[in-house]
Structures are given as structure tokens and as C-alpha cells.
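This report refers to the structure that appears directly beneath it.
Throughout, numbering of the chain's residues begins at 1 and tracks the sequence. Nothing here was measured: the structure is a model prediction, and the numbers come from that model. Below, all heavy atoms of this structure are taken into account, side chains as well, without hydrogens, waters or symmetry copies.
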Amino acid sequence: QVQLEESGGGLVQAGGSLRLSCTASIPTLSNYALGWFRQTPGKERQFVAAIDWNFGSTYYADSVEGRFTISRDTAKNTVYLQMNNLEPEDTAVYYCGAAWTATPFSIESHYSYNDWGQGTQVTVSS
């Protein structure tokens, strides 16, 4: 089991930036992908971005492509989500998740992720 701890949420005006961090508690993240998802009340958890830890391959939802950047620090077992040009529609609780990549899975599906952080609130005012 992977324990994940997120930080970096907050309140920002439209057009502003925030950086989220997610640190994993296990010694190595080999054969894992770490992903960011977001959720608003009454809606399903929505894919935002993900990174394959072994290869550094990145994946983005169309709605954030070009505005958000996911990256990793392998020495710190930490994944970051740099969010620029934020819009009110980005307001949500953001969750970090870990998915095991050694078996077939969909990196954009929240069902692929077995471990989650507690979430961090991002609020973008207009």
C-alpha cells in the first residue's frame, strides 16, 4: 500500500498559478504511475494528469493541456502539478493517486488507482 500526502492547494484568482505536491511513502515507485484527479460535489473523480514513474511519460486531460504540467522528483518520491492560467472551472478537490503499472490498466481511469491521498482544495475565483 502506498501512502500519499498532498499539499499546495489554496485560493487563487483566475489567471493565477498554484503548484501541488504529492509525496509517496514507499521506498521506490518503480512500476507505478502517479496521477492527479479532481472532484467536485456530486460528480465522479475526473482525470487531470499522470506520469509513469519508470519512463517519465506524461498524460493530460484535454481541458488542462498546455496549462498544467506534471513532473516528478525521483529522489524525493514526489510528483508535482504546476497549474498555470487557472480558470474558475478548475475549482475542485485535487487528489493524488498511485496505480500499479505491471498489469494492464488505463492511466486515465480512477478505477486503476488503488491508493489515494486525502485531497487538497483548489479554489479559483473569477
Rounded to the nearest 0.5 Å, how far does CG of L18 lie from CG of L11? 8.5 Å
Kindly check if the number of other-residue, nucleotide or ligand heavy atoms within 6.0 Å of CD (E87) is above 12? yes
Measuring only between side-chain heavy atoms, which start at C-beta, is V79 closer than 4.5 Å to C96? yes
In Å, rounded to the nearest 0.5 Å, how long is the span from CG of N54 to OG1 of T28? 7.5 Å
Is the shortest side-chain heavy-atom distance between H110 and W116 below 4.5 Å? yes
Write down the atom of D115, the atom of Q1, and the distance for their closest heavy-atom approach. OD1-CG, 3.2 Å
Taking C-beta and beyond as the side chain, do L20 and Y80 meet within less than 4.5 Å on heavy atoms? no
Residue list, side chain to side chain contact (heavy atoms under 4.5 Å, CB included) with T101, at least two apart or on another chain: N31, A33, D52, F105
Can you name the closest pair of heavy atoms from A14 and P88 and give their distance? CB-CD, 4.1 Å
Give the C-alpha distance, both sets of side-chain angles, the deciding distance and a yes or no for side chain to side chain donor-acceptor pair (under 3.5 Å) between R38 and Q46. CA-CA 5 Å; R38 63 190 182 188; Q46 177 188 43; 2.9 Å; yes
Is it true that a side-chain atom of E108 and a backbone atom of A61 form a donor plus acceptor pair closer than 3.5 Å? no
Could you grab the distance from atom CZ of R67 to atom OH of Y60, nearest 0.5 Å is fine? 12.5 Å
Decide yes or no on side chain to side chain donor-acceptor pair (under 3.5 Å) for S7 and E5, but give the supporting numbers first. CA-CA 7 Å; S7 62; E5 184 171 356; over 6 Å; no
To the nearest 0.5 Å, atom CD of Q13 lies from atom OG of S125 at 5.0 Å
Is the shortest heavy-atom distance from the side chain of L29 to the side chain of L34 under 4.5 Å? yes
Scanning both residues in full, the closest heavy-atom pair of T91 with V124 reads OG1-N, 2.9 Å
Is there a path from I107 to V64 through hydrophobic residues (I, L, V, M, F, W, Y) whose side chains come within less than 4.5 Å of each other? no
Please name the pair of heavy atoms, one in A50 and one in Y113, separated by the smallest distance, quoted to 0.1 Å. CB-OH, 3.7 Å
Is it the case that the ring center of F68 lies less than 6.0 angstrom away from the ring center of W36? no
Any side-chain to backbone donor/acceptor pair from Q3 onto S25? Under 3.5 Å, distance only. no
Between W53 and N77, is there a side-chain heavy-atom distance shorter than 4.5 Å? yes
Cation-pi between R45 and Y95: NZ/CZ under 6.0 Å from ring centre and within 45° of the ring axis? yes
Does one hydrophobic cluster hold both V122 and F37, with members joined at side-chain heavy-atom distances below 4.5 Å? no
Do L81 and T69 have side chains that approach each other closer than 4.5 Å (heavy atoms only, starting at C-beta)? no
Within the structure provided, determine whether N84 and L86 are in side-chain contact (heavy-atom separation under 4.5 Å). no
Closest non-hydrogen atom pair, G9 against T120: N-OG1, 3.2 Å
Can you give me the closest heavy-atom contact between S21 and T78, atom names plus distance? CB-CG2, 4.3 Å
Rounded to the nearest 0.5 Å, what separation is found between the CG atom of N114 and the CH2 atom of W100? 11.0 Å
Kindly compute the distance separating CD (Q82) from OG (S17), expressed to the nearest 0.5 Å. 5.5 Å
